[in-house]
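Owing to the predicted nature of the structure, the values given are computational and were not obtained by experimental measurement. Heads up: numbering here begins at 1 and tracks the sequence. Just the heavy atoms: all of them, side chains too, but no hydrogens, waters or symmetry mates, feed the values below.
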Amino acid sequence: MSTLLRSIPFVRASYKIGKPHTSLAVRLQRTPLAFQYDRRYVNGFGGPSPGQIRSQADDSEEPPKAEKDRLRSQWSATLFKMFESAVTTFASLLVLGLAGYTYHKYYKYLILKKMAKAFEPGDPVLELAALGKGLPNNILQGDDQHWIRHAEQTKIDGIINGTDRGHYHLLIGEKGTGKSSMLLHAMQKVDGEGISMFEAHADLEIFRIRLGKALDYEFHEDYIGSLFSIKGPREGNTALLDIERAFNKLEKLALIRRKTVGRPLVLIVNSTHLLRDDADGRDLLELIQQRAEQWAASNLVTVVLNSDDYWVYESLKQYSTRMEVLPVLDLPKDQAISALMQFRKRHYEDEEQPSSKLLEEVYSRLGGRLTFLNLVAKSPDMLRTCEEICQVEKTWFLNNCWILGDGCDDDVMDQQKYAAAAMVLAKALVDQEKEAGSSSDKPYLLPQIPLHKAREIMTRADFIKSYDHINIFTIDAQAMVRADSVPMQRAFREICSEPGFEAHLEATLDRISAIESLGRTREVVAKDLIAGKYKISGRPDRGEGITVEVYPTGEANE
């Protein structure tokens, strides 16, 4: 034991002074030798020995090796925890980023796959037409003569099946001439493969939704990238930007399809005239035209626009280089009469067939408008149905454009200007018809006036587009103005032939002129005048003041 205690530095110093207490050996076995010792000594001194003081001074100047090891182990543990947290965070971010990127790439692939499915055989528009048991305005349903407009149908068939490429097309014609029916019939021949058709709308948001439905494109509204803290592309976008994004996806699909199929896709925008003739509508039409020009040049997509109004053609013509216009007019006389006769034979087999004179009378009252012929051909009393159709057209014209005479109030000034201009143009068409006469051996042709002359007759240039939109007058692709249909021309003729119509029209025009004159007149009132005569001179419009001079009665007579 003495040998062991001498081996310890601070114990050896105190051992020389006196024997340590017996409890020192026990404590040395239980506690670390570098930090604990017994302060009670047998020599009776209460303080530490000199050797013990040297040991504490050594401890304060230089830490022991065990302390260094402990501190080193603590720093090592802290650094390891920091490294472990950094690696865990980096791994989490890496997994999250890879998952988000993988989902983003998969979502783009899914978009193209869904859009390609929208151009597979079969189309919702064809399914809806099949529910109606036939195409609208289709009066011939035989196997050999399913459609009667051979010339236009052949051209449209080539556009739809992809043989006519390199252009985009505008179908323009009056309401009820069969434009949509020919497109549906051409789609049926190829079972809608590579074709998508949808209806236009004046509201851009509804247009966006209908385009997305036709292309099976959700505009990233089903995108769940927010789960990966990725902002969705739909946030903060307008309808026009979404339509541009849909066209970008359609272009990618067309590039892929051209390598496999070799035919361009066909996108049909029906009822394009429903777009508003304002800034938003023109911006959308310009966007569609730009894409149509690019796709036509590269044979990627053939765009077909179907319109009833002239303003669509007028807007597209300014920047068109690859646009083809296909006018769709009424049926000629011989073709319309033949179609009526064949339908009556098939629909009324047991009854006596109408005579040629009756069929010509029907044509003279309705013309070759396909929607009117469809109604008359199914009616038991054909002439009565003709009269009902003519009365409906006349009522429509009178409700929108009747004039009020010389007793109209000045509050209806704008509406009477609109109505009077329509009546003046209708009278001009009737007068031209009387001058030209009619020939029964030629197809029935409506009188027509060039667009610039029609504006000159009305003395207004802004009303004619509105008349075209409400189907009173129509403007064709050659900028010729005429009545919207044969029943509408008959309504013009009946109204203008009524007794006193011309005087009533003149009275209305005079009243309009008087109201406008009152609006331009300024009244000067002089009060408390003295005897004599007055001379007022000056031109305020030239910057001169108004001067009033008073002359006595005698001087004024000189």
Side-chain angles (χ1 to χ4, degrees), residues 1-114 218-237 241-242 245 248-249 252:
M1 184 65 181
S2 301
T3 306
L4 178 61
L5 292 175
R6 290 192 186 95
S7 62
I8 302 174
F10 68 90
V11 175
R12 184 169 59 246
S14 61
Y15 186 80
K16 295 178 180 180
I17 299 173
K19 293 183 179 180
H21 198 271
T22 55
S23 63
L24 178 61
V26 179
R27 294 191 181 189
L28 288 176
Q29 295 177 1
R30 296 179 180 178
T31 58
L33 298 179
F35 296 97
Q36 296 186 12
Y37 55 88
D38 198 341
R39 294 187 179 184
R40 294 176 296 166
Y41 294 87
V42 295
N43 55 7
F45 295 100
S49 63
Q52 196 172 10
I53 295 175
R54 288 195 301 270
S55 298
Q56 292 178 355
D58 294 340
D59 292 341
S60 61
E61 292 178 359
E62 182 179 358
K65 183 178 180 181
E67 177 69 12
K68 292 181 180 180
D69 294 340
R70 187 183 67 82
L71 294 175
R72 189 181 297 111
S73 63
Q74 289 179 354
W75 277 105
S76 299
T78 302
L79 292 175
F80 178 77
K81 289 181 179 180
M82 292 173 60
F83 177 76
E84 184 180 10
S85 299
V87 171
T88 303
T89 303
F90 177 76
S92 301
L93 293 176
L94 180 62
V95 171
L96 184 63
L98 289 176
Y101 179 76
T102 304
Y103 170 74
H104 190 69
K105 299 296 290 185
Y106 169 74
Y107 184 78
K108 288 186 175 181
Y109 163 77
L110 185 63
I111 287 176
L112 295 178
K113 185 177 179 180
K114 290 169 61 179
E218 299 291 339
F219 298 100
H220 289 83
E221 292 176 353
D222 57 344
Y223 186 78
I224 59 173
S226 58
L227 297 178
F228 307 100
S229 298
I230 302 175
K231 184 179 180 181
R234 175 70 181 102
E235 297 181 12
N237 288 342
L241 291 177
D242 281 343
R245 183 177 291 110
N248 290 336
K249 296 297 182 182
K252 291 182 180 179

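Applying the side-chain contact (heavy atoms from CB on, under 4.5 Å) rule to Y109 yields the partners Y106, K113; only residues at least two apart in sequence or on another chain are considered. Listed by chain and number, the residues in a salt bridge (Lys or Arg N to Asp or Glu O under 4.0 Å) with K108 amount to none (sequence neighbours excluded).
The environment of K249 atom NZ is dense: over 12 non-hydrogen atoms of other residues, nucleotides or ligands sit within 6.0 angstrom.
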For residues 77-87, which side-chain N or O atoms pair as donor and acceptor with protein atoms under 3.5 Å away, sequence neighbours left out?
residue : atom : partner : partner atom : Å
T78     : OG1  : Q74     : O            : 3.0
S85     : OG   : K81     : O            : 3.0

Sequence neighbours left out, cut at 3.5 Å: what donor-acceptor pairs do the side chains of residues 92-99 make with other protein atoms?
residue : atom : partner : partner atom : Å
S92     : OG   : T88     : O            : 2.8

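Taking OH of Y103 as the reference point, atom CG of L110 lies at 8.0 Å (rounded to 0.5 Å).
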